[in-house]
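In this text, all values refer to a predicted model and were calculated from it rather than measured experimentally.
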Amino acid sequence: MSEPVPGVGAGVPAVVLASGSPRRRELLTLLGVPFTVQVSGDPEESVTQEPAALAGELALQKARTVAREIPGAVVIGSDTVVALGSQLLGKPTDADENAAFLRLLSGRTHQVYTGVAVVGAGREDTEVARADVTFRALSPAEIAHYASSGEGLDKAGGYGIQALGMALVERVEGEYSTVVGFPLSVVIRRLRAAGVPVWNDLRGHVAEAGPA
């Protein structure tokens, strides 16, 4: 994993995605960034209960762990937290808990926070994006059908907006990719700040890098 990533030019750091999520891999590929994947084997833990801070902290833990294993690389970590008010909704353990999550979210607006951390090139940057997601009112049969599909079992909040779960959602305020789990505006800004070209651009896009 410490070898240069194929396709990366001289002077451009290798990029490592510290996530096994197929959705994050797909979105990072769309940005034209060559990368490899290495998942942190360490459990992420935090006593923080504030959802935005939690998303940023867990993303940074993932990136730091992998960065220690691959010196010289730019490592990007991400984590998504779903909250209904002060209540955090993690990944449901089974279909019954998934159905309980959907009953809570039905007809209401909840928040999705996705933290992005980039570690490498002598810096650590963390940024958190927020989207407000409103579910339409769901019938008991719809809740049972979605919960039994198993789609939501590996996802924070118990649903995935990019597939069958799209039918649960009435409105999204904010960046769609935040809800998917990889806010592209943040990812682009943070990678460029670390000297990584996006869409084959030059490294000198300081204006687009935004505040560090």
- Query: Gln87 and Leu89: side chain to side chain contact (heavy atoms under 4.5 Å, CB included), yes or no, with the steps?
  - Reply: CA-CA 6 Å; Gln87 183 175 359; Leu89 299 177; 3.9 Å; yes

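- In this structure, Thr134 and Val172 have side chains that are not in contact, with every pair of non-hydrogen atoms separated by 4.5 Å or more.
- Pairs of residues two or more places apart, or lying in two chains, never qualify as salt bridge (Lys or Arg N to Asp or Glu O under 4.0 Å) while including a residue from residues 146-159.
- Around atom CZ of Arg136, more than 12 heavy atoms belonging to other residues, nucleotides or ligands sit under 6.0 Å away.
- Judged as a salt bridge (Lys or Arg N to Asp or Glu O under 4.0 Å), and not counting sequence neighbours, the contacts of Glu173 are Arg171.
- Alongside Val119, the hydrophobic cluster contains Leu60 (criterion: ILVMFWY side chains under 4.5 Å).
- Smallest separation of non-hydrogen atoms from Thr109 and Leu84: O-CD1, 3.6 Å.
- Evaluation of the side chain to side chain donor-acceptor pair (under 3.5 Å) rule for Gln162 yields no partner, not counting sequence neighbours.
- Of all non-hydrogen atoms in Leu153 and Lys91, the two that sit nearest each other are O-CB, 3.8 Å.
- Every salt bridge (Lys or Arg N to Asp or Glu O under 4.0 Å) that Arg130 has, sequence neighbours left out, goes to Asp132.
- Residues forming a side chain to side chain donor-acceptor pair (under 3.5 Å) with Thr178 (at least two apart in sequence, or on another chain): none.
- We find the OG1-CG distance between Thr93 and Asn98 to be 9.5 Å, quoted to the nearest 0.5 Å.
- The nearest pair of heavy atoms linking Val37 to Arg25 is CG2-CD, 3.5 Å.
- In this structure, Val16 and Phe35 have side chains that are not in contact, with every pair of non-hydrogen atoms separated by 4.5 Å or more.
- Applying the side chain to side chain donor-acceptor pair (under 3.5 Å) criterion to Glu175, with sequence neighbours excluded, gives Ser177, Ser185.
- The side-chain heavy atoms of Leu184 and Leu31, taken from C-beta on, include a pair separated by under 4.5 Å.
- Rounding to the nearest 0.5 angstrom, the gap separating the OG atom in Ser21 from the CZ atom in Phe182 is 8.5 Å.
- Proximity of a side-chain donor or acceptor of Arg123 to a complementary backbone N or O of Ala193 within less than 3.5 Å is detected.
- Taking every heavy atom of both residues into account, Ala147 and Leu102 meet most closely at N-CD1, 4.3 Å.
- Note that the OG1 atom of Thr126 and the CG atom of Asp79 stand 11.5 Å from one another [nearest 0.5 Å].
- Between the CG atom of Leu27 and the CZ atom of Arg23 there is a distance of 9.5 Å, given to the nearest 0.5 Å.
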- Query: Thr36 and Leu17: side chain to side chain contact (heavy atoms under 4.5 Å, CB included), yes or no, with the steps?
  - Reply: CA-CA 6 Å; Thr36 56; Leu17 177 63; over 6 Å; no

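- When the ring-ring contact (aromatic ring centres under 6.0 Å, His included) test is applied to Tyr159, the partners found at least two apart in sequence or on another chain are His110, Phe135.
- One finds the CG atom of Leu138 at 10.0 Å from the CD atom of Glu170 (value rounded to the nearest 0.5 Å).
- Looking at heavy atoms from C-beta onward, Leu88 lies out of side-chain contact with Val82 at the 4.5 angstrom threshold.
- For the atom pair Leu168 CG and Leu105 CG, the distance stands at 9.0 Å (nearest 0.5 Å).
- The side-chain heavy atoms of Gln49 and Leu54, taken from C-beta on, include no pair separated by under 4.5 Å.
- Using a 4.5 Å heavy-atom cutoff, the side chains of Arg24 and Ser78 are in contact.
- For Ser139, the side-chain contact (heavy atoms from CB on, under 4.5 Å) partners at least two apart in sequence or on another chain are Ala141, Glu142.
- In this structure, Glu26 has no side-chain contact (heavy atoms from CB on, under 4.5 Å) partners at least two apart in sequence or on a different chain.
- The shortest distance between side-chain heavy atoms of Val75 and Val118 does not fall below 4.5 Å.
- Of the possible donor and acceptor atoms, none in the side chain of Trp199 sits under 3.5 Å from a partner among the backbone N and O of Val33.
- When side chains are defined from C-beta on, Lys62 does not count as touching Val66, because their heavy atoms never get closer than 4.5 Å.
- Residues Ala52 and Val128 share a closest heavy-atom pair of O-CG2, 3.5 Å.
- Annotation for Ala83 and Tyr113: closest pair CB-CE1, 4.4 Å, computed over non-hydrogen atoms.
- Applying the side-chain contact (heavy atoms from CB on, under 4.5 Å) criterion to Ala53, with sequence neighbours excluded, gives Thr48, Glu50.
- For the ring-ring contact (aromatic ring centres under 6.0 Å, His included) test, no residue two or more places apart in sequence or in another chain qualifies with Tyr146.
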